[in-house]
Amino acid sequence: MTGNLKSVVESLIFVAETPLSLDRLVSILEEHERSDIRAALEELLADYEQSGRGIVLVEVAGGYQFRSRPEHADYLKRLSKTRPPKFGQSSLETLAIIAYRQPITRAEIEYLRGVDCGGILKTLLEKKLIKILGKKDVPGRPLIYGTTREFLELFSLKNLASLPTLKEIQDLAQPPVFEEQGELPLAVATGGGDTGE
Amino acid sequence: MTGNLKSVVESLIFVAETPLSLDRLVSILEEHERSDIRAALEELLADYEQSGRGIVLVEVAGGYQFRSRPEHADYLKRLSKTRPPKFGQSSLETLAIIAYRQPITRAEIEYLRGVDCGGILKTLLEKKLIKILGKKDVPGRPLIYGTTREFLELFSLKNLASLPTLKEIQDLAQPPVFEEQGELPLAVATGGGDTGE
Amino acid sequence: MTNPQQESANLFDDSHGAGYNVRVEAFEGPLDLLLHLIRKNEVDIYDIPIAAITRQYLEYLELMKELNLDVAGDFLVMASTLLQIKSRLLLPVQADEEGGEEEEEDPRAELVRRLIEYQKYKEAAQQLEVLPLLGRDAFIRSCELPDLKELQPVDDTSDVELFELVEAFRRVLASIPVQTFHEVGSEQITIADRINDILSLLQERDGVTFEELFSEGTTRDYLIATFLAVLEICKLKMVKLTQNSSFGTIWITRAVLDAVDAREGEESP
């Protein structure tokens with residue numbers, strides 16, 4: 001039973017968002033004795049103590065928590081370095097406007113978004129998701145932007161024509177036509193059809 | 001050295017927010033041989049395999065992830081503030097159809113289910129359980145859908161091939177019983193004794 | 001004299017008793033309901049007695065209405081499909097009489113295929129549900145690791161989905177108070193349109209067949225609207241449905257204003 005209790009305690013500490021104190025464990029595991037829980041916890045601490053495991057069980061902020069072995073920090077940092085581009089909402093919106101309205105100038109994008117987009121355009125250019133297509137034949141000859149092959153790859157699109165249209169997305173949320181017809185009595189098997197108009 | 005590599009791999013999998021694939025491990029641990037990393041990973045899997053530990057190492061969505069032992073779910077529920085994911089029958093049916101038949105269009109799903117699925121598709125898209133794969137090369141170019149990595153993670157599936165096998169239903173398991181169909185007037189139409197055969 | 005309401009109550013009561021209301025909400029759609037009826041009647045799925053099943057199906061829709069449940073259009077589409085199959089079955093089988101060279105497919109065949117296919121995925125859905133579900137059966141680490149704060153979520157592939165891109169665009173457009181991006185909605189066929197169509201047809205002719213009303217349109221909306229239109233004008237006693245048993249075709253004719261026999265009126269509302 002201690003074996004199973006130890007396993008349960010291990011699960012709880014692993015899943016908890018914050019360090020779990022013995023008191024907290026006791027209140028969660030109400031069907032168990034405090035002394036048994038303490039014993040399970042101590043066994044668990046001993047288990048994790050030995051050898052150079054990658055996960056350590058530490059006592060912190062009045063509770064217990066699993067953490068990665070601090071000596072491995074250099075490796076763990078590489079996790080984030082090889083991280084693919086993560087999009088903020090504003091980048092995504094800008095990218096969406098360019099994708100759907102290309103070729104488009106910065107002024108047009110900013111008109112649609114209502115905010116300055118200089119920084120975001122630069123980032124998107126650096127990430128090669130958009131490119132400069134040329135200059136527009138209007139006074140001032142502003143640069144015009146469009147999406148790249150990398151953009152298509154990011155979204156696994158064959159070509160720009162494979163972009164879903166707005167209508168296609170909106171149709172998903174649209175209730176089917178018949179629900180808009182209001183209340184219509186079903187008359188199939190009614191005995192008492194009393195609407196004698 | 002293998003001992004330390006195993007420990008590093010354990011740390012990496014622990015820290016990563018999503019399942020880590022062998023490929024990803026190899027690219028992060030660039031100074032190590034793929035074969036060594038694989039060996040370390042296998043040792044680690046064997047370690048976690050034995051005994052009823054509270055943390056299990058599972059292969060899911062093409063990678064490896066630490067999870068709590070499912071048998072302890074009842075205890076762990078006491079910890080979490082968030083409600084467990086719950087699926088209605090209609091969401092599950094739609095997901096099942098997409099999972100087994102992808103790439104699939106909305107019209108095909110609706111033909112199979114016999115009901116409108118727009119709302120459900122939208123919800124599944126928002127939950128990232130399905131994604132738009134592009135458009136089908138047929139007239140009208142309808143959108144085609146498929147399941148996501150998050151779908152595999154949610155259902156603890158290694159990959160799509162590990163979906164439960166579809167049963168071929170030959171029959172509804174009832175021997176045909178032929179009752180006398182004699183008197184079965186359809187409510188809409190009068191005229192009596194049609195047998196519908 | 002039959003009272004369809006009582007009949008429907010008896011029909012379901014005998015097998016489900018008080019638990020019936022629960023069943024009502026359990027059906028996921030017309031195919032689910034049909035599977036249930038086939039099981040309940042213990043008939044061979046490959047040889048569905050369409051007349052009986054159709055009658056029970058329609059009675060069920062009526063019950064849904066009595067329980068104030070929404071009768072979704074999908075159920076009505078299936079109702080008209082069943083009625084079409086039924087009337088096709090009633091047509092004299094010409095192929096057979098002419099030697100059976102071109103054997104027509106059983107009108108029920110497609111429905112049977114759909115039912116079997118649907119049943120397959122219904123079971124698959126049940127199997128999905130018992131898999132260890134993340135957040136229900138299994139949990140992952142949820143703590144913020146303070147010494148690794150700078151680490152962002154990682155991913156094997158990009159986390160952005162196409163859907164999010166479109167949603168982002170939609171958000172942008174929604175925030176612009178201009179009509180520039182107005183998109184033309186598809187044509188909608190209303191029940192009123194179809195009622196008018198049917199009534200004007202009946203001005204020209206004495207009667208139309210049920211089938212021909214459905215023959216022009218192939219879209220779902222059209223079928224639903226047509227079916228609802230027929231039901232509506234039946235209910236208003238503007239038309240009468242009759243079936244000539246020797247041919248089995250369902251005819252829609254103008255209702256004669258003078259006293260309709262009450263009994264008949266109830267059997268063909």
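In what follows, every chain begins at residue 1, and chains take the letters A, B, ... in the order their sequences are listed.
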Student: Apply side chain to side chain contact (heavy atoms under 4.5 Å, CB included) to the pair B:Glu126 and C:Phe163, showing each step before the final yes or no.
Tutor: CA-CA 8 Å; B:Glu126 281 164 357; C:Phe163 178 68; 3.6 Å; yes
Student: Could you measure the distance from the CG atom of B:Leu76 to the CZ atom of C:Arg136? Nearest 0.5 Å is fine.
Tutor: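 Answer rounded to 0.5 Å: 14.0 Å.
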Student: Got a second to check how far C:Gln127's CD is from B:Leu92's CG, nearest 0.5 Å?
Tutor: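 Atom-to-atom, C:Gln127:CD and B:Leu92:CG are 12.0 Å apart.
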Student: Atom NZ of residue position B:Lys158 - does it have more than 12 heavy atoms of other residues, nucleotides or ligands inside 6.0 Å?
Tutor: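 Counting neighbours around NZ of B:Lys158, 12 or fewer heavy atoms of other residues, nucleotides or ligands fall under 6.0 Å, so no.
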Student: For chain C, which residues of residues 131-146 of chain B have at least one non-hydrogen atom nearer than 4.5 Å to it?
Tutor: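 Near chain C, by residue number: B:Lys131, B:Ile132.
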Student: Taking every heavy-atom pair that is under 4.5 Å apart, which of C:Pro30, C:Ala138, C:Ala125, C:Ala124 has the most such pairs with chain B?
Tutor: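 Option with the top pair count is C:Ala125.
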Student: Quick check against the 3.5 Å criterion: does C:Asp137 have a side-chain atom that pairs as donor or acceptor with the backbone of B:Pro70?
Tutor: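 Flag not set: sc C:Asp137 to bb B:Pro70 has no pair under 3.5 Å.
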Student: What's the spacing between C:Leu128 CG and B:Leu154 CG if we round to 0.5 Å?
Tutor: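 One gets 9.5 Å once the value is rounded to the nearest 0.5 Å.
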Student: Report which part of B:Glu93 has an atom under 4.5 Å of a heavy atom belonging to chain C: side chain, backbone, both, or neither.
Tutor: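 Interface part for B:Glu93: both.
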Student: What heavy-atom pair brings B:Val115 and C:Glu28 nearest, and what distance separates the two atoms?
Tutor: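 Scanning both residues completely, I find the closest heavy atoms to be CG1-O, 3.5 Å.
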Student: Would C:Tyr121 and B:Arg113 count as having a side-chain donor-acceptor pair, cut-off 3.5 Å?
Tutor: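 Per modelled atom types, C:Tyr121 and B:Arg113 side chains form no pair under 3.5 Å.
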Student: Who wins among C:Ile53, C:Ile140, C:Leu162, C:Leu133 for the most heavy-atom pairs under 4.5 Å with chain B?
Tutor: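 If we count pairs closer than 4.5 Å to chain B, C:Leu133 comes out on top.
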Student: Does some side-chain heavy atom of C:Arg141 sit less than 4.5 Å from a side-chain heavy atom of B:Phe66?
Tutor: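 Sidechains of C:Arg141 and B:Phe66: no contact.
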Student: Under 4.5 Å from any heavy atom of chain C, what part of B:Leu163 do you find: side chain, backbone, both or neither?
Tutor: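 For B:Leu163, side-chain heavy atoms alone lie under 4.5 Å from chain C.
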Student: With only heavy atoms counted, which part of B:Thr148 is less than 4.5 Å from chain C, the side chain, the backbone, both or neither?
Tutor: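 When you check distances to chain C, only side chain atoms of B:Thr148 fall under 4.5 Å.
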Student: Return the CD to CG distance between C:Glu167 and B:Leu125, rounded to the nearest 0.5 Å.
Tutor: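 Between atom CD of C:Glu167 and atom CG of B:Leu125 there are 8.5 Å.
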Student: Taking all non-hydrogen atoms of both residues into account, name the closest pair between B:Leu112 and C:Leu31 and its distance.
Tutor: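 Distance-wise, the nearest heavy atoms are O-CD1, 3.3 Å.
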Student: Using a cut-off of under 4.5 Å on heavy-atom pairs, state which of B:His72, B:Arg69, B:Lys122 scores highest against chain C.
Tutor: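 The residue among B:His72, B:Arg69, B:Lys122 with the greatest pair count is B:Lys122.
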Student: For C:Pro132, does its backbone N or O pair with a side-chain atom of B:Ser156 as donor and acceptor, under 3.5 Å?
Tutor: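 Indeed, once roles are kept as given, a pair shorter than 3.5 Å links the two residues.
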Student: Salt bridge check, C:Glu129 against B:Lys86: does any charged N sit closer than 4.0 Å to a carboxylate O?
Tutor: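 Here B:Lys86 does not pair with C:Glu129 in a salt bridge, since their nearest N and O are not under 4.0 Å apart.
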